[in-house]
Q: 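Got a structure for you, questions after.
Note that this is a predicted model, so its numbers are computed, not measured. Sequence lines set the chain letters: A, B, ... in the order given, protein chains first and strands last, and positions in each chain run from 1.
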Amino acid sequence: MSDEQKSLQQIIDFRIEKLNKLKEDGVNPYPTKYEPTHFSESIKSNYNELEGKTVKVAGRIMAIRKMGKASFAQIMDSEGRIQFFIKRDSVGEAVYSHFKLLDIGDFVGVEGEVFTTKTGEISIRTAALTVLAKSIRPLPIVKEKDGEVFDAFSDKEQRYRNRHLDLILNPEVKETFIKRASIIKTVRNYLDDLGFLEVETPVLQPLYGGANARPFTTHHNTLDQTLYLRIADELYLKRLIIGGIDRVYELSKDFRNEGMDRSHNPEFTMLEFYWAYADYEDCMNLVEELFREAAIKVDALQVDWGGMDIDLSKPFARKPIFELLNEATGQDLSKSSDDEIRSICKEKGVDVSDSANYGQMLDELMSKLVEPKLIQPTFVVDYPKATSPLAKAHRNGDPNLVERFELFIGGAEFANSFSELNDPIDQRERLEAQAVLREKGDDEAQPVDESFIQAMECGMPPTGGVGIGIDRMTMLLTGNRWIKDVILFPALRPEK
RNA sequence: GAUCCGGUAGCUCAGCUGGUAGAGCAGUGGCCUUUUAAGCCAUUGGCCGUGAGUUCGAGUCUCACCCGGAUCACCA
């Protein structure tokens, strides 16, 4: 009996039997079309006008309560659920017998007048019942009373592996993805209105760059060429800035061949935009407004994120990284040597590898001591040059700093931005320094992209650039703590 | 990658210090013409994640592996 469990097969067999009975009785269980006139929730909210009127609704049967010669059942459509009442004396023996062959999970069309039952539930008194699709595999049964849910379909593995069931049975899932679409639409509209041009750049790249991460590798047969799935769009978008597209953005899937956890999925959605003649402060203002705009659209100006009350309505804080680090360590790290910083790491119980350089140690101190405390939206500004090979040196003349910010909310990073480096000689030196790191075994350091540097040598205007993790933004604005809950089909190990 | 927790019927779960696998829902057969976790009677359904081991005997104990989750590590 193949790999199906016996009892499941039994259920399926029964359903196929019913399917065949319907066919034998001249019912097409899979017709081509049905035209509903109304949806469930709008019927309820417009009851005063619709009472006694005939409506047609279509949806999936989610509950059946049979009482001999009359029954109640509930169908779910795109708006919600509504109950219909079906009586043998009203629809006739034949139709009623067809109804009795239906199961939870089947699609039906119901036509009848709107009324209220004795117990006060707005319902449809069925005059005509149309089978729209018979299901043969059972749905998990979830019941509910007074807001309390029984036997919830809650196993995370099952939910992610069977997203269709998750969507049917856990209404908040659909809600999250409706909001996700709304957030993305808001982002697009916002940038479009400012004159940014949306573009598409290669996913398959001969050389990857624009971030520090390990890539996925693939191979083009005809070209007999190794290609990488992009880890960022940055270098291509800057070529467009060089080419004269002064405001440009891309909403794209990026791919990073790294660990997975509650905030990392191997493929994820990233917004990057580049803005000629602007600097990182302009970008900061834009990002702040963009977040607020999106939050308003999905009603999340104040949002509970895993017990943290995040307030996006107030101006975001802006703090230099060394101010935060100095507060956290009680030392002026901007004036400390590598060895001094190493001993501070030790003192504060922050693990760093022996080979960690200045930038990596500061990174580590930030992520252990500072970032978890950045609950309300905070722009951390003015990063050390060592970890920012694509950012412009700070205008204040400090040779160790670049004009860069990262946005932290609820202890997590949401955006990364800088005044883009447009000095081709400096850029070449910095990428070559990355290449040295690479040779020393840092497989996340970026390779030198000669054609990118050559493009920059043709002249690149001063530019502000930003990357925003759209999945994380969605997590925040929908109150979800797991990236898997904002990605419809998150990466999972294959089922054996 | 490390540690911990979990995997038992289609679903949600119980199963004590080893002694022949349980409930509710769903399903099936009845009864039931205003129910709503509908109800009542009867009833089907298990490679107890996989594989070894210990034992007279393993869902239960040991080991390995697979899948998921949590924490940490790695990582924007």
Q: Go through B/rG10, B/rC11, B/rU35 for me and flag the one nearest to the A/Ile11 side chain.
A: B/rG10
Q: Angle between ring planes, A/His394 versus A/Tyr280, binned at 30° and 60°: parallel, tilted or perpendicular?
A: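 Perpendicular, since the angle between the ring planes exceeds 60°.
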Q: Does the side chain of A/Glu272 come under 3.5 Å of the side chain of A/Tyr274 through a donor N or O and an acceptor N or O?
A: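 Result is yes, a qualifying pair exists.
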Q: Hydrogens and angles aside, do A/Ser40 and A/Arg81 bring a side-chain donor and acceptor to less than 3.5 Å of each other?
A: no
Q: To the nearest Å, how far apart are A/Lys143 NZ and B/rG24 P?
A: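 Taking atom P of B/rG24 as the reference, NZ of A/Lys143 is at 13 Å.
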Q: Hey, does A/Glu406 reach any base, or is it just sugar-phosphate, or nothing, if we go heavy atoms under 4.0 Å?
A: base
Q: Just to be sure I understand the geometry, which residues of residues 476-485 of chain A put a non-hydrogen atom under 4.0 Å away from RNA chain B?
A: A/Trp482, A/Lys484
Q: Can you figure out which of B/rU12, B/rU44, B/rG10 approaches the side chain of A/Gln10 most closely?
A: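 Nearest nucleotide to the side chain: B/rU44.
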Q: Between P on B/rG27 and CG on A/Asp106, what's the gap in Å once rounded to a whole number?
A: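 Interatomic distance, CG of A/Asp106 to P of B/rG27: 11 Å.
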Q: Quick one: on RNA chain B, does A/Ser154 or A/Arg15 contact a more 5' nucleotide (nearest heavy atom)?
A: A/Ser154
Q: Any donor-acceptor pair, under 3.5 Å, between the side chain of A/Asp103 and the base of B/rG27, if you only look at N and O atoms?
A: no
Q: Is the closest basic N to carboxylate O distance between A/Lys44 and A/Glu41 below 4.0 Å?
A: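 Answer for the salt bridge query: yes.
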Q: I need the CD1-C1' distance between A/Ile124 and B/rU35, as an integer number of Å.
A: 16 Å
Q: Searching all strands shown, indicate the nucleotide that pairs with B/rC74 (Watson-Crick or G-U wobble; both distances under 3.5 Å).
A: none
Q: Once you apply a heavy-atom cut-off of 4.0 Å, does A/Glu258 come out as touching a base, just sugar-phosphate, or nothing?
A: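 Counting heavy atoms under 4.0 Å across all strands, the contact made by A/Glu258 is with sugar-phosphate only.
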Q: Checking A/Ser263 side chain against A/Asp261 main chain: does a donor-acceptor pair fall under 3.5 Å?
A: no
Q: Any carboxylate oxygen within less than 4.0 angstrom of a Lys/Arg side-chain nitrogen, looking at A/Glu288 and A/Arg318?
A: yes
Q: Judged by atom type as modelled, is there a donor-acceptor pair below 3.5 Å linking the side chain of A/Arg481 to the main-chain atoms of A/Leu476?
A: no
Q: Could you check how far CZ of A/Arg88 sits from C1' of B/rC32, rounded to whole Å?
A: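 Taking CZ of A/Arg88 and C1' of B/rC32, I get 12 Å after rounding.
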Q: Do the rings of A/Phe379 and A/Phe316 sit parallel, tilted or perpendicular, given the 30° and 60° boundaries?
A: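 The rings of A/Phe379 and A/Phe316 sit tilted, inter-plane angle from 30° to 60°.
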Q: Under a 3.5 Å cut-off for both distances, is B/rA9 Watson-Crick or wobble paired, and to whom?
A: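 Paired with B/rA9, as far as the under-3.5 Å criterion goes, is no nucleotide at all.
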Q: Measure the distance from CG on A/Asp261 to C1' on B/rC75 and round it to the nearest whole Å.
A: 8 Å
Q: The side chain of A/Asp155 lies closest to which of these nucleotides: B/rU44, B/rU34, B/rU12?
A: B/rU12
Q: With a 4.0 Å cut-off on heavy atoms, is A/Glu121 in touch with a base, just the backbone sugar-phosphate, or nothing at all?
A: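 The answer is base, as A/Glu121 lies within the cut-off (heavy atoms under 4.0 Å) of a base atom.
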Q: Could you identify which residues of residues 50-57 of chain A place a heavy atom less than 4.0 Å from some atom of RNA chain B, listed by residue number, or say none?
A: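 Heavy-atom contacts with RNA chain B come from no residue of residues 50-57 of chain A; none.
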Q: Work out how far the C1' atom of B/rA2 is from that of B/rA73, and round it to whole angstrom.
A: 8 Å
Q: To the nearest 0.5 Å, how far apart are CZ in A/Phe418 and OG in A/Ser388?
A: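 Rounded to the nearest 0.5 Å, the CZ-OG separation comes out at 6.5 Å.
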Q: Any side-chain donor paired with an acceptor under 3.5 Å for A/Glu111 and A/Thr54?
A: no
Q: What's the closest nucleotide to the A/Lys69 side chain, out of B/rA73, B/rG27, B/rC32?
A: B/rC32
Q: How far, in whole Å, is B/rG27 from B/rG22 if one measures between their P atoms?
A: 23 Å
